Amino acid sequence: GPAAGRGAAAGAAGGAAQGLCLSSYDMVHYGHSNQLRQARAMGDYLIVGVHTDEEIAKHKGPPVFTQEERYKMVQAIKWVDEIAPGAPYVTTLETLDKYNCDFCVHGDDITLTVDGKDTYEEVKTAGRYRECKRTQGVSTTDLVGRMLLMTKAHHSNIDEDLDYRKHTDNFGKGPKGHSPWTGVSQFLQTSQKIIQFASGKEPQPGDTIIYVAGAFDLFHIGHVDFLEKVHQLSERPYIIAGLHFDQEVNRYKGKNYPIMNIHERTLSVLACRYVSEVVIGAPYAVTADLLDHFRVTLVCHGMTEVVSDKDGSDPYEEPKRRGIFQLVDSGSNLTTDLIVQRIIKNRLEFEARNQKKEAKELAVLEAMKKLEEKH
């Protein structure tokens with residue numbers, strides 16, 4: 001698009017640096033957002049290359065999310081200036097030149113091709129490679145593991161749930177028999193991280209202050225669609241997202257929701273370009289105090305069911321009384337529940353495929369062994 005040209009022109013004229021990040025971005029989480037935040041800080045313009053479904057299927061097996069969903073998800077992250085759909089799996093100098101980028105950025109974990117070569121060898125040699133730190137305490141494997149454990153254990157202090165412990169111990173064991181996945185989130189929130197993710201913008205005169213509340217768990221494309229629609233309701237929207245504490249979410253969602261704790265959900269929502277501010281642990285009932293404090297002009301909710309408060313009252317009673325409540329149809333039917341189902345189904349199929357492949361390889365080895373014994 002024109003954005004690329006603008007960036008390139010700036011690059012030629014004013015020495016602006018363009019960076020490129022490439023990945024499948026299948027289950028985007030705040031770890032990815034943090035990588036993109038760091039990448040954006042290394043230059044002036046960030047292009048994010050996202051692989052097609054076909055390309056991912058070839059290397060890793062089918063993705064959970066379609067390319068359209070993945071493009072939209074990455075586009076919603078506020079540090080991304082532009083996306084490059086259908087980016088190649090291996091980053092070459094040709095790719096960097098094609099997108100007019102000075103360098104590419106990757107996490108500090110190594111990626112090897114099928115034949116054990118470093119996928120970034122060429123760009124490293126040319127001095128056009130930058131690295132950013134992986135976010136401690138979160139990975140896709142870790143999140144999938146939490147989903148597979150649909151038990152309340154990760155919100156209780158019961159260490160004695162043996163079934164849960166057993167699963168924790170077996171999940172993703174490395175060669176040393178040490179599980180990199182530790183069940184409960186190992187993410188440590190710091191004020192520094194919040195500052196890095198926050199917009200730091202205060203509402204300006206003439207802004208429409210819109211309040212939305214929820215769990216925003218496993219921040220996903222359904223949330224993005226909803227927030228985008230809310231953002232379109234005004235010329236100058238200032239969206240405040242109220243996030244409920246974990247216990248509150250568990251009360252109305254049940255099972256072992258939320259999958260991500262309040263700290264993780266805070267960063268996930270702050271990374272979204274449509275959100276200006278987050279209330280960390282908002283009251284379930286949208287009170288007069290809250291509305292007055294933030295000078296809220298409009299309160300929005302999606303088409304999902306509104307569970308009553310503990311005392312059976314409607315949490316949106318006050319905004320409705322003031323005539324500032326509005327239902328917003330995101331046009332998406334995706335909920336965290338559906339996403340979890342999709343991810344688990346994908347993961348189980350992935351494991352089944354791997355087992356089949358292993359069984360095949362074992363059968364070949366057996367056959368070869370038998371042949372050797374005959375000779």
Side-chain angles (χ1 to χ4, degrees), residues 72 76 78 194 197-254 257-258 262 265-339:
K72 190 161 193 177
K78 64 182 174 188
I194 293 178
F197 272 62
S199 73
K201 288 193 204 84
E202 300 206 345
Q204 300 304 309
D207 283 357
T208 306
I209 300 175
I210 308 173
Y211 182 74
V212 297
F216 293 98
D217 192 16
L218 278 181
F219 194 74
H220 57 72
I221 195 79
H223 296 131
V224 169
D225 284 331
F226 168 69
L227 290 165
E228 187 183 19
K229 285 283 194 312
V230 171
H231 197 263
Q232 289 162 359
L233 292 175
S234 151
E235 279 296 298
R236 295 182 43 188
Y238 185 94
I239 299 176
I240 302 174
L243 299 190
H244 303 134
F245 278 132
D246 299 345
Q247 274 74 12
E248 191 67 71
V249 175
N250 190 253
R251 176 187 72 82
Y252 64 82
K253 289 273 297 178
Y257 288 111
I262 185 73
R265 292 184 285 120
T266 298
L267 294 186
S268 304
V269 175
L270 280 175
C272 177
R273 67 172 69 248
Y274 304 117
V275 175
S276 298
E277 183 61 292
V278 167
V279 181
I280 306 169
Y284 189 66
V286 182
T287 58
D289 278 349
L290 185 143
L291 296 173
D292 297 341
H293 178 85
F294 293 112
R295 298 198 293 284
V296 175
T297 3
L298 187 62
V299 175
C300 296
H301 189 271
M303 305 315 268
T304 54
E305 177 206 1
V306 177
V307 180
S308 304
D309 205 349
K310 285 189 202 69
D311 60 2
S313 64
D314 177 359
Y316 291 109
E317 195 179 332
E318 181 60 22
K320 282 175 182 170
R321 194 185 63 74
R322 295 188 183 194
I324 59 168
F325 180 76
Q326 189 175 333
L327 280 176
V328 173
D329 187 351
S330 71
S332 162
N333 60 354
L334 278 184
T335 60
T336 301
D337 267 324
L338 286 171
I339 298 262

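Since the structure is predicted, the reported quantities are computational estimates derived from the model, not experimental observations.
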Just list the side-chain donor-acceptor pairs under 3.5 Å for residues 300-308, sequence neighbours left out, or say none.
none

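- Taking the side chain as every heavy atom from C-beta outward, Y211 and L290 approach each other to under 4.5 Å.
- Side-chain contact check for V286 versus E318: every heavy-atom pair is 4.5 Å or farther apart.
- Looking at E317 and K320, no side-chain N of the basic residue comes within less than 4.0 Å of a carboxylate O on the acidic one, giving no salt bridge.
- Residues I280 and V278 have side chains in contact (heavy-atom distance under 4.5 Å, counting atoms from C-beta outward).
- At a threshold of 4.0 Å, the pair K310-E248 counts as salt-bridged, since one of the basic side-chain nitrogens sits closer than that to a carboxylate oxygen.
- Interatomic distance, C272 SG to F197 CZ, rounded to the nearest 0.5 Å: 12.5 Å.
- Contact annotation: the side chain of Q247 never approaches that of R251 to less than 4.5 Å [non-hydrogen atoms, C-beta and beyond].
- When all heavy atoms of D246 and I262 are compared, the closest pair comes out as OD1-N, 2.9 Å.
- In terms of modelled atom types and a separation under 3.5 Å, the side chain of D207 and the main chain of I209 share no donor-acceptor contact.
- A donor-acceptor contact shorter than 3.5 Å is absent between the side chain of D309 and the backbone of D311.
- A perpendicular orientation is assigned to the rings of Y252 and H244, their planes being inclined by more than 60° (bins at 30° and 60°).
- The shortest side-chain heavy-atom distance between L334 and D225 does not fall under the 4.5 Å cut-off.
- Between the Y274 side chain and the P237 main chain, no donor and acceptor come within less than 3.5 Å of each other.
- When atom types are taken as modelled, the side chain of Q204 and the backbone of E202 share a donor-acceptor pair closer than 3.5 angstrom.
- Summarising the geometry, atom OG1 belonging to T297 is positioned 11.0 Å from atom CG belonging to L233; distances are rounded to the nearest 0.5 Å.
- Put simply, the side chain of N250 gets close to the backbone of Y257: a donor and an acceptor are under 3.5 Å apart.
- In this structure the side chain of V328 never reaches within 4.5 angstrom of the side chain of V212, judged on heavy atoms.
- Remark: the backbone N or O of L270 is paired with a side-chain donor or acceptor of K78 at under 3.5 angstrom.
- In this structure, a donor-acceptor pair under 3.5 Å is absent between the side chains of D289 and T287.
- Contact detail for S199 and S276: the closest heavy-atom pair is OG-O, 3.0 Å.
- The NE2 atom of H231 sits 10.5 Å away from the OG1 atom of T208 when rounded to the nearest 0.5 Å.
- A 4.5 Å side-chain heavy-atom check between V269 and L243 finds at least one atom pair inside the cut-off.
- Taking every heavy atom of both residues into account, V279 and I240 meet most closely at CG2-CG2, 3.7 Å.
- By the 4.0 Å N-to-carboxylate-O rule, R322 lies close enough to D292 to be salt-bridged with it.
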Return a table of donor-acceptor pairs under 3.5 angstrom between the side chains of residues 213-220 and protein atoms on other chains or two or more places apart.
unit_1: D217; atom_1: OD1; unit_2: I259; atom_2: N; d: 3.3
unit_1: D217; atom_1: OD1; unit_2: M260; atom_2: N; d: 3.0
unit_1: D217; atom_1: OD2; unit_2: I259; atom_2: N; d: 2.7
unit_1: H220; atom_1: ND1; unit_2: G222; atom_2: N; d: 2.9
unit_1: H220; atom_1: NE2; unit_2: T336; atom_2: N; d: 3.4
unit_1: H220; atom_1: NE2; unit_2: T336; atom_2: OG1; d: 3.3

